[in-house]
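Structure first, then comments.
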Number of protein chains: 2
Amino acid sequence: MLRISKLTDYGTIVLALMARDPLEIYSATDIARRINVALPTVGKVLKTLARADIVTATRGSHGGYSLSRLPSTISIAQIIDAIEEQPFGLTECTSIAGLCMQENHCRVRANWMRINQSVRIALENLTLGDLVAETVQSTATQIQKVPLPKIDAQKLEENHEHGCS
Amino acid sequence: MLRISKLTDYGTIVLALMARDPLEIYSATDIARRINVALPTVGKVLKTLARADIVTATRGSHGGYSLSRLPSTISIAQIIDAIEEQPFGLTECTSIAGLCMQENHCRVRANWMRINQSVRIALENLTLGDLVAETVQSTATQIQKVPLPKIDAQKLEENHEHGCS
DNA sequence: ATATATAGGACAATTATAGTCCTATATGGC
DNA sequence: GCCATATAGGACTATAATTGTCCTATATAT
Ligand code: SF4
Ligand code: SF4
C-alpha cells in the first residue's frame, strides 16, 4: 500500500522526541506519556530500535533509552530498516529477490529497481535531524528528473540476476 | 510496508506490454497469456485501469483494451492512484487526514508531508514511457538534497489543519 | 530485598491483499 | 435473431501482514 507501518511511524515520533535532548535518557513510560501512545507499544518500538543500535538501553532503576548517535547521523532509511518487518522495496523483487514468478522475464523490473533506488537514496539522505527541524527553515529532498549516465550492460545483467536493492 | 500492491505491479506489467504498440487493442486473454498471469487477475487490473480512464475498453467480439493516452503522458503516480485501494501516502496522515490521533500535536507530521510530497512528485514525473524505456539509455529520477525556500508560515498552518498530499 | 527498567517472545484481533468466480451487458458475424 | 466473444461490476474466500497487548526473565540502583 506504499505506506510505512504505524510502528515505524511511532518510531519517528519517539526518536523525534528524544532528538530534542540527544544526550538525555528517557524511560519508555516517560516517552509513552509525552507522545500519548500506549506504553506497551512504545516499549515494543524502543526494543526494536535498541536491537538496531539506534538507541541504547540502560536497564534497571533510573534506566531507559538514549540515542546511540547524534540525530544528524541517523537516517530515515535506517529507522525504516530497523522497524519494518519486510526488507525495504517498492516492489516484491526489489525487496526480496526470487519470490516473484515474473522475475525472469519481467520487462519493468530493471526500471522499478531504479525507481526503488531513487526513493531509497532519498530516505538515506534524510536524517532524524531533518525530521525534527523547524519546517520553515529545513532542508528536504526534492526530486529532479535527470538523464542517467549510460550503464555498463554487464553490470546490469548481474543486477538482474542476483539483484536487489 | 512501503510497497506497491501486487495488483499495481501487475498494472505496470500490463501497461508496459500495451505500450509496445500503443494503438493496438489487446484482449485480457491475450495479455494474460503473454505476461503469464492468471486471466481473472489480469481482468481485474484492466477493469480498474479502465475505470480510471488509463485504458479504454471495447466490448463485444473483437473487443479488448487499448491505452487511452500515449505512454509518455501516463505517470506512474496515476497508475498507482488507479489501482491502490488506499489513497497515496507514506504515513497515515498524508494518506487520509483525521485518522491519526497524534495528528493535532504531532511534531513530525509537517516534515513527513514534505517527504511524502517529494516521493509523490518523483512518481508523477515518471511515465509509462520511462518504465518501458531500455534501461541503459533511459532517464530516471535521481534525488538531491536541496535547500527549500522559506515557506509562508500561514500557508503551512493551513496545510497542517486541512492538510493532505 | 525491592522497586524500577528493559529483553524477548507469544498471542489474538484486526485489517489488507490476492486471487477467483458469477451474473449482466455489449458487439460483431452468421 | 442467435451465438461466440468480450468487458462490467461486484461478491467471495483464503492468505498474509499488522497491530497492540501481555507474560516471564533479567539487570540495576537504593
Ligand atoms: S519482477 Fe516484475 S512483476 Fe515481479 S515484482 Fe519485480 S517488477 Fe513486479
Ligand atoms: S500525524 Fe504524526 S503520527 Fe499521525 S500519521 Fe501523521 S506523522 Fe504519523
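A, B, ... follow the sequence lines: proteins, then strands. Residue 1 opens every chain. Note that the structure is a prediction, hence the values are computed from the model and not measured.
Within the structure, side-chain hydrogen bond (donor to acceptor under 3.5 Å, both in side chains) contacts touching residues 41-51 of chain A (residues at least two apart or in different chains) do not occur. Listed by first then second residue, pairs satisfying side-chain hydrogen bond (donor to acceptor under 3.5 Å, both in side chains) with a partner in residues 53-64 of chain A read Thr56(A)-Ser68(A), not counting sequence neighbours.
Not counting sequence neighbours, the partners of Arg33(A) by the salt bridge (charged side-chain N to carboxylate O under 4.0 Å, His left out) test are Asp30(A). Partners of Arg3(B) by side-chain hydrogen bond (donor to acceptor under 3.5 Å, both in side chains), not counting sequence neighbours, listed by chain and number: Ser95(A). The side chain to side chain contact (heavy atoms under 4.5 Å, CB included) check on Thr91(A) picks up Cys93(A), Thr94(A), Trp112(A), Ile4(B), Asp9(B), with sequence neighbours excluded. Residues satisfying the side-chain hydrogen bond (donor to acceptor under 3.5 Å, both in side chains) criterion with Gln78(A), sequence neighbours excluded, are Arg69(A). Under the salt bridge (charged side-chain N to carboxylate O under 4.0 Å, His left out) criterion, Glu124(B) pairs with Arg120(B), not counting sequence neighbours. Considering only residues two or more places apart in sequence or on other chains, Glu92(A) meets the side-chain hydrogen bond (donor to acceptor under 3.5 Å, both in side chains) condition with none of them.
Axis angle across the helix from dA1(C)-dT30(D) to dC30(C)-dG1(D), with five pairs used at each end and values rounded to 10°: 10°.
Against DNA chain C, the stretch residues 22-36 of chain B makes no heavy-atom approach under 4.0 Å.
The distance from atom CG of Leu126(B) to atom CG of Leu131(B), rounded to the nearest 0.5 Å, is 8.0 Å.
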Show me, pair by pair, the donor-acceptor contacts under 3.5 angstrom made by side chains of residues 14-25 of chain A, not counting sequence neighbours?
none

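Atom-to-atom, CD of Glu92(B) to C1' of dT14(C) comes out at 14 Å; the value is rounded to the nearest Å. The distance between atom CZ of Arg51(A) and atom C1' of dT6(C), rounded to the nearest whole Å, is 11 Å.
For Tyr65(B), taking side-chain heavy atoms from C-beta onward, the closest of the listed nucleotides dA8(D), dG10(D), dT6(C) is dA8(D).
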With B for base contact, S for sugar-phosphate-only contact and - for none (protein heavy atoms under 4.0 Å), nucleotides 18-30 of chain D reads SBBB----BBBS-

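Among the protein residues, Gly64(A) comes within range of the sugar-phosphate backbone only, with heavy atoms under 4.0 Å from sugar or phosphate atoms but none that close to a base.
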